[in-house]
Structure formats: C-alpha cells, structure tokens
Amino acid sequence: MPESLSLNGLLEKVRSYSPEKDLGLLKRAYHFSREAHCSQKRGEGSPYIKHPLAVASILADIKMDVASISAGLLHDTIEDTRTTMEELKDLFGSEIAFIVTSLTKLSKVEFRTKKEAQAENFRKMLLAMSEDVRVILIKFADRLHNMRTLQFLPENKQQRIASETLEIYAPLANRLGIGWLRTELEDLSFKYIMPDLYDELQRKVAKRKEEQEGYIREVISLIEQKLREQGLPGKVTGRIKHLYGIYQKMQKQRITFDQVHDVIGLRILTDSKANCYAILGLIHSLWTPIPGRFKDYIGVPKSNLYQSLHTTVIGPKGERVEFQIRTEEMHRIAEEGIASHWKYKESGIIDEKSSKYISWLRDLVQVQKDVPDAMDFLEAVKGEVVPEVVYVFTPKGEIKEMPLGATPVDLAYSIHTQVGHRCVGAKINGKIVPLRYKLRNGDTVEIITSQTHGPSRDWLKFVVTQRAKTRIKQWIKAEERAQSVELGIRLLEAELRKHNMSNALMKSDEILGAARALGMNSLEDLYVAVGFGKMSPHQVVNRLMPEKAVEEEPVRPRRPVKEQKGVSIKGIDNVLYHTAKCCYPVPGDALAGFVTIGKGVTIHRKDCPNLERLALEEARLVDVDWQASADANAYARLFVETVDRPGILANLSALISSLNININHLEATSTQEKQGHITFIIEVKDSTQLKGLIHKISQMEGILRVKR
C-alpha cells in the first residue's frame with residue numbers, strides 16, 4: 001500500500017494543516033474499520049480497508065476536520081459489516097454515528113424498483129446534508145474513489161454508476177461550488193458513458209495543446225510584461241477546458257471540435273477586486289473583445305458564490321483567447337466551494353457563509369415535506385442543481401437568481417407563498433407582460449397581486465421551479481378537497497332523502513362506523529371520496545341499511561356512444577366511470593383513470609395527449625385495467641385522410657363492414673387542397689382488431705393517412 005494510502009500517510013496529511021489536533025480518534029477509527037472489514041475484498045482483489053482509507057485521504061486533501069475523516073474511515077461499517085449505530089455511538093460519539101448512518105443505504109426497506117431505492121437513499125442523504133453538510137462531502141469522496149476505480153466493475157455497473165454521477169453528483173458538486181470535483185466527476189463519467197468519443201477528444205486536445213504551447217507562452221509573456229508596466233500584480237497561467245466541458249459546448253452549439261476556439265484559455269490571479277477590473281481594462285485595451293462573451297461574476301456572483309471576470313478577445317495572430325480574472329480568494333472558493341470556508345462550532349452548526357450554499361436545499365426540503373415521493377424529490381433536486389440561471393431585479397434593485405425559463409409566477413413564489421398565490425400579473429421593465437413570460441437577464445420585475453385571487457391549474461404548464469409547482473398543487477388540492485367535501489355532503493343528503501332517512505344521520509356514530517367499514521378514517525374522508533366520485537352514495541347507504549341493500553340506479557351513458565364495460569379500477573368498487581372521448585380506449589390498450597369531482601373516473605389510454613396535462617395532479621390518477629372476462633365491444637375513433645374523389649367513402653365503409661365492424665357514426669369533409677377528412681366512430685372487440693383494420697385501410701388506394 002503506497003504511503004499516501006496508509007495510516008501514517010493519512011496522519012501526516014492531517015498534521016500538515018491541523019498540527020494542534022489530537023489524532024487519537026482517527027487512529028481508533030482506522031483500526032476499527034480495518035478489523036470490521038478484515039474478511040472483505042475490493043473488486044480488484046485488494047483488502048477492503050483500501051477504499052475507506054482512500055476516502056479519508058481525499059477528505060484530508062480538502063482539509064476536513066478529524067470527525068469527518070473518521071466518519072470517512074467508518075462510512076461502510078454499518079452497511080457492509082455487523083456494526084450497529086449504537087456501537088458506533090458508544091465508541092465514537094453521536095456526531096460520527098449520525099454522519100455514518102446518513103451515508104448508509106436503506107437496505108432493510110423493500111422497493112418496487114432499483115431506481116426507487118436509489119432515489120430514496122439519495123433523499124435520505126440530502127435530508128441529512130441539510131442538517132450537516134459533511135454528509136455530502138464524505139459521499140463526494142466516496143463517489144470520487146469509486147469513479148477512479150470503476151474499471152474493476154462489470155460494464156453494466158460502470159454505465160449505471162457513471163450515469164448517476166453525471167446526472168446527480170457532478171451537478172451537485174457544481175451547486176456547492178467545488179469546481180475541481182465537478183470537473184473530475186464529469187470527465188470520469190464521460191470516459192465510461194462514451195469511451196470512444198472521450199478517447200477521440202483526449203487525442204485532439206493533446207494535439208492542440210502541443211501546437212499552441214508556443215503561442216500560449218508568447219501571450220503569457222506579453223501579458224506579464226504589460227502588468228509590470230502598469231504596476232498591476234498578477235499571476236498568469238494557461239488552462240485547458242476539461243473534456244466534458246468541450247463535449248457540452250460542441251453539443252449545445254452544434255459545432256465540431258475544430259470550431260471550438262477556447263479549448264485553451266488563460267487565468268490571471270491578482271490581489272484585489274479593483275485590480276481584477278483594472279486588468280480587464282488592460283486586456284481590452286490590448287485586443288478587441290468579442291461582443292457577448294464578457295461576463296461579470298464578481299458584481300453578480302453565481303449562486304454557488306463563484307466570482308470571476310470572463311472575457312474572450314481576438315488575440316495575437318487573430319486567434320481567440322479566453323481570460324478568467326479573479327483574486328486568490330475567489331480562486332480558492334471557485335475550486336473548493338463549500339469546503340473552502342466551512343467551519344464547525346462545537347455544536348456542529350455550519351457558519352453563515354457555508355449556509356448560503358445549502359439555503360436552496362433547506363428550502364427544497366421544506367417545500368417537499370408535503371410531497372413524500374422520493375422520485376419527485378430526486379427530480380426536484382436535479383432541477384435545482386442545473387447551473388443555467390438568469391439574474392433579474394426587484395423594483396428596489398435587489399438581485400434575484402432564477403432558473404433559465406422561469407416566469408414571473410416562479411419569482412412570485414420564490415419571494416413568498418402568498419405572493420405566488422395572489423399573483424395576477426407582472427410588469428417587466430415597466431410594461432405589463434403575460435404570466436408565462438420567460439424572464440431574461442437584467443429584467444426588472446414587479447409582481448402585481450390581488451387579495452381575492454388564487455392560483456390557476458394552467459400555471460402548472462409553464463412554471464419551472466419545484467417550489468412553485470408544489471405550492472400550486474397544494475393549493476389546488478386543498479381547494480378541490482373543500483369542494484369535494486361540500487359536494488359529497490350534498491350527494492349523501494340527497495341519497496338519504498331518497499330513502500326517507502333523516503339528515504341527522506350525517507353526523508351520527510352510524511355513518512362514522514359506515515365510513516370506517518368502507519376504509520375511511522374520518523367523515524371528511526368519506527365526503528371527499530363521494531364528492532370525487534371514488535365512492536357512490538348508495539354504497540354508504542347500503543352500510544347504514546345492511547338488512548335492505550339499496551339498489552343503485554343504472555347510469556345512462558351520453559349518446560351516441562354507449563358506456564364501455566369490462567374495466568376494473570384498483571382499490572375502488574362500484575364507482576361511476578366513463579371512457580374518455582378524446583382517445584377512445586379499447587381492450588388491449590394500456591389505461592389510466594382520472595378522478596373528476598362529481599363525475600367519477602374518466603378512463604383514458606395511457607398514450608392520450610391530454611393525460612400529460614391531467615397527470616400534473618398525480619393524486620387524482622388511479623390504476624385501471626381491462627377485466628379478463630370482458631367481452632363487450634368498445635367504441636374507437638378513426639381519422640382517415642384521403643384523396644378527394646368519388647367512391648372513396650363507399651369503399652372505406654364497405655371494407656369496414658366486410659370485417660364485421662359496425663360503424664356507429666361518421667363525419668366527412670373536403671378541403672381546398674382536394675383532400676378528404678373522414679372521422680369514423682366504430683365498434684371493435686379489442687386493439688388487435690383495430691390495428692388490423694388500420695393496416696388494411698392504409699393499404700387502400702387513395703389513402704394518405706390513417707390514425708386513431
């Protein structure tokens with residue numbers, strides 16, 4: 001084992017930046033971990049202790065405290081050995097036990113899919129991170145070492161781990177401002193996800209670096225000379241854009257590698273903010289800046305506290321040269337982020353500066369308390385860690401950072417939930433704009449509110465922040481629940497009157513007993529179920545009159561289409577339902593049900609375009625399937641586009657009838673372009689028969705298109 005991956009090497013690293021600390025805790029953690037993992041091996045055959053030691057070494061590289069490094073040594077003990085949390089707590093204290101437990105996967109919980117398990121584990125870890133940021137820093141070190149040794153795993157695992165790293169961990173490292181970690185995680189992921197492209201780019205970058213080394217030295221020499229002449233302190237270095245960054249640029253701008261001009265750039269570190277701007281002025285006086293390529297992240301820092309001046313100029317010999325100008329302190333924060341100035345007090349609470357890095361996470365955790373689904377939480381985190389943002393101003397001049405694509409409604413909810421709920425309009429730079437307007441850099445946004453206004457379901461179509469989506473859904477759900485209670489009470493009272501039963505029963509122990517027998521926890525839940533259409537009033541009355549069951553009146557379907565039979569709705573009996581007239585599902589189609597207040601369940605095909613809009617309210621979707629014994633015909637709609645000529649409608653009708661398929665209704669029109677548009681409503685047995693018909697129609701002469 002190399003010196004850097006030994007206990008002595010680790011202790012030396014920690015002493016180099018924390019000489020006064022007692023390292024006894026670290027030694028005990030190492031020996032405990034070594035003993036606990038003594039019978040285990042890594043994928044490449046080395047002793048397992050090599051992994052926790054490597055994780056601890058990475059943590060020492062970023063100058064973490066002794067408790068964090070000890071937790072790094074112990075991070076797999078609960079999950080992979082017989083060690084318990086209580087044992088760790090007794091031996092190493094509650095602080096380290098909390099961190100290790102937060103990093104331990106939920107192995108005893110059964111999940112339906114592996115993806116769901118990963119989402120729940122990630123959620124557990126991030127919730128812990130909102131209390132103690134060291135949890136994620138140790139996880140980063142763990143993930144980094146796993147990525148560095150990924151070649152020892154099977155290819156399918158390489159792909160899965162690399163994809164997860166690229167989708168979640170690299171963006172999260174960027175959100176927390178740890179630039180070097182984000183870069184390494186992205187490049188390592190890129191190497192395993194697209195190995196051929198990675199190798200090709202690596203060769204091309206090395207070749208260009210070799211070709212441009214002389215040119216870069218020449219520009220650095222010239223800049224250093226000009227800095228001396230102006231009395232400006234500055235250290236100039238060349239830097240190469242990381243491979244995944246180059247690949248992203250090629251994809252985003254749809255260009256080839258040869259068209260990427262800033263593969264190699266220059267970085268200038270100076271001593272003060274004022275000198276950053278002075279050096280920028282000097283560069284712009286030497287060479288022509290390229291319009292649109294100047295960014296001032298010092299005046300307006302990124303959300304991860306990144307600060308720097310970026311500019312691209314037409315340098316010597318007409319070559320484009322990109323410059324980054326920052327102070328030494330800005331550079332440290334750009335590379336190390338939250339790990340650069342986090343300082344724990346005795347209580348383990350992070351300082352004010354570090355808390356800025358995770359204020360977004362705490363806000364997200366707060367918003368997600370009412371949305372317990374782990375997959376939703378994971379998607380929300382992905383949305384929050386995407387780096388592309390716009391900066392807008394409030395009327396008082398306060399800067400607000402919003403995700404790319406955000407609208408005034410998103411901004412309103414970011415200010416306060418009630419501001420979002422009461423939002424009726426917005427002014428951008430003094431002019432009234434639609435609420436779906438996409439905010440742009442530099443916009444001054446004034447939110448217009450009204451005390452009598454509430455959110456609209458349509459807002460869910462255009463808001464992009466998780467906070468806005470969650471708050472709107474909560475408001476709609478509460479409003480619809482209140483409406484359902486009111487409607488449910490009216491329907492039940494009407495049913496009681498129909499059977500000469502007293503309304504006093506509505507608040508009696510008998511109806512509460514009936515509600516519980518029907519699986520409801522309270523009367524309000526019962527009213528909601530009846531109001532939503534998940535339960536019919538006659539079911540409740542039957543429970544109140546068991547000796548004389550009440551027959552429900554048959555539901556008369558709307559003409560001309562009869563009601564579809566043979567559908568079972570999971571968890572709901574005897575519920576009113578009807579098939580959607582937007583998609584006409586037939587047996588064999590995958591189904592989804594949508595609960596409508598007072599109308600029961602509407603049955604859609606799962607590929608129905610309208611379902612995506614309806615699915616915004618997931619709580620109202622129910623599982624639906626065809627009953628195996630169903631033998632009734634189903635109504636289907638066919639749209640046929642034809643050449644407009646005599647006899648084609650007759651030929652189509654004859655073909656359909658020859659297959660023993662009944663035509664229930666048809667509409668035919670012709671267009672100015674001499675095309676015929678014919679819509680049939682037909683009766684079919686199932687999707688197989690319908691597909692056969694579509695195939696036969698598409699082969700007829702004069703048919704341009706046929707679809708459901």
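These numbers come from the heavy atoms of this one structure, side chains and all, not from hydrogens, waters or symmetry mates.
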Within-4.5 Å side-chain heavy-atom neighbours: Asn610 and Phe594: no
Separation of Leu526 CG from Asn521 CG (nearest 0.5 Å): 11.0 Å
Partner residues of Glu493 under the side-chain contact (heavy atoms from CB on, under 4.5 Å) criterion, sequence neighbours left out: Ile489, Arg497, Asn503, Met506
Spatial distance of atom NE2 (His416) from atom CZ (Arg471) [nearest 0.5 Å]: 9.0 Å
Rounded distance (nearest 0.5 Å) linking atom CG of Leu491 with atom CG of Leu496: 11.0 Å
Sequence neighbours excluded, every pair satisfying side chain to side chain donor-acceptor pair (under 3.5 Å) that has a member inside residues 424-437: Asn429-Asp443, Tyr437-Asp443
Steps toward side chain to side chain contact (heavy atoms under 4.5 Å, CB included) verdict (Phe393, Ile399): CA-CA 5 Å; Phe393 297 91; Ile399 295 174; 3.4 Å; yes
Side-chain (Arg605) to main-chain (Pro585) donor-acceptor, under 3.5 angstrom: no
Neighbour count >12 (heavy atoms, 6.0 Å) for atom NZ, Lys438: no
Pair Trp475-Trp459, side chain to side chain contact (heavy atoms under 4.5 Å, CB included): steps then yes or no: CA-CA 12 Å; Trp475 191 90; Trp459 290 3; over 6 Å; no
Side chains of Leu411 and Thr465 in contact at under 4.5 Å (non-hydrogen atoms): no
Nearest atoms (heavy-atom pairs only) where Cys276 meets Leu309: O-CD1, 3.5 Å
Ile476 backbone acceptor or donor facing Arg457 side chain under 3.5 Å: no
Evaluation steps, side chain to side chain contact (heavy atoms under 4.5 Å, CB included), between Gln307 and Glu329: CA-CA 9 Å; Gln307 287 186 287; Glu329 175 66 8; over 6 Å; no
Non-hydrogen side-chain atoms of Asp525 and Arg481 separated by less than 4.5 Å: yes
Spacing of CG belonging to Asp410 relative to CD1 belonging to Ile472, to within rounding of 0.5 Å: 7.5 Å
Nearest heavy-atom neighbours spanning Asn441 and Val390: OD1-CA, 3.3 Å
Stepwise side chain to side chain contact (heavy atoms under 4.5 Å, CB included) test for Phe98 and Arg134: CA-CA 11 Å; Phe98 170 79; Arg134 291 174 294 183; over 6 Å; no
Minimum side-chain heavy-atom gap Met330-Ile298 below 4.5 Å: yes
Spacing of His453 atom NE2 and Cys423 atom SG [to the nearest 0.5 Å]: 8.0 Å
More than 12 heavy atoms from other groups under 6.0 Å of CD1 on Ile432: no
Pairwise side-chain contact, Leu176 with Phe140, heavy-atom cut-off 4.5 Å (strictly under): yes
Lys581 side chain to Thr579 backbone, donor-acceptor under 3.5 Å: yes
Nearest heavy-atom neighbours spanning Thr444 and Thr394: CG2-O, 3.9 Å
Exercise: identify the closest heavy-atom pair between Ala173 and Leu181: CB-CD2, 3.9 Å
Aromatic contact, His310 with Tyr297 (centres under 6.0 Å): yes
Closest contact, heavy atoms only, Leu591 versus Lys606: O-CE, 3.2 Å
With sequence neighbours excluded, residues passing side chain to side chain donor-acceptor pair (under 3.5 Å) with Lys252: Glu388
Check: His421 and Tyr413 side chains under 4.5 Å, non-hydrogen atoms: yes
Minimum side-chain heavy-atom gap Thr449-Ile447 below 4.5 Å: yes
Neighbour count >12 (heavy atoms, 6.0 Å) for atom NZ, Lys302: yes
Main-chain N/O of Cys582 paired to Arg637 side chain as donor or acceptor, under 3.5 Å: yes
Ion pair check, Arg708 and Asp589, cut-off under 4.0 Å: yes
Point-to-point distance, once rounded to the nearest 0.5 Å, from CD1 of Ile136 to OG of Ser102: 10.5 Å
Heavy-atom side-chain contact between Met402 and Thr407 under 4.5 Å: no
Shortest non-hydrogen separation from Arg326 to Ser308 and the atoms involved: NE-OG, 3.3 Å
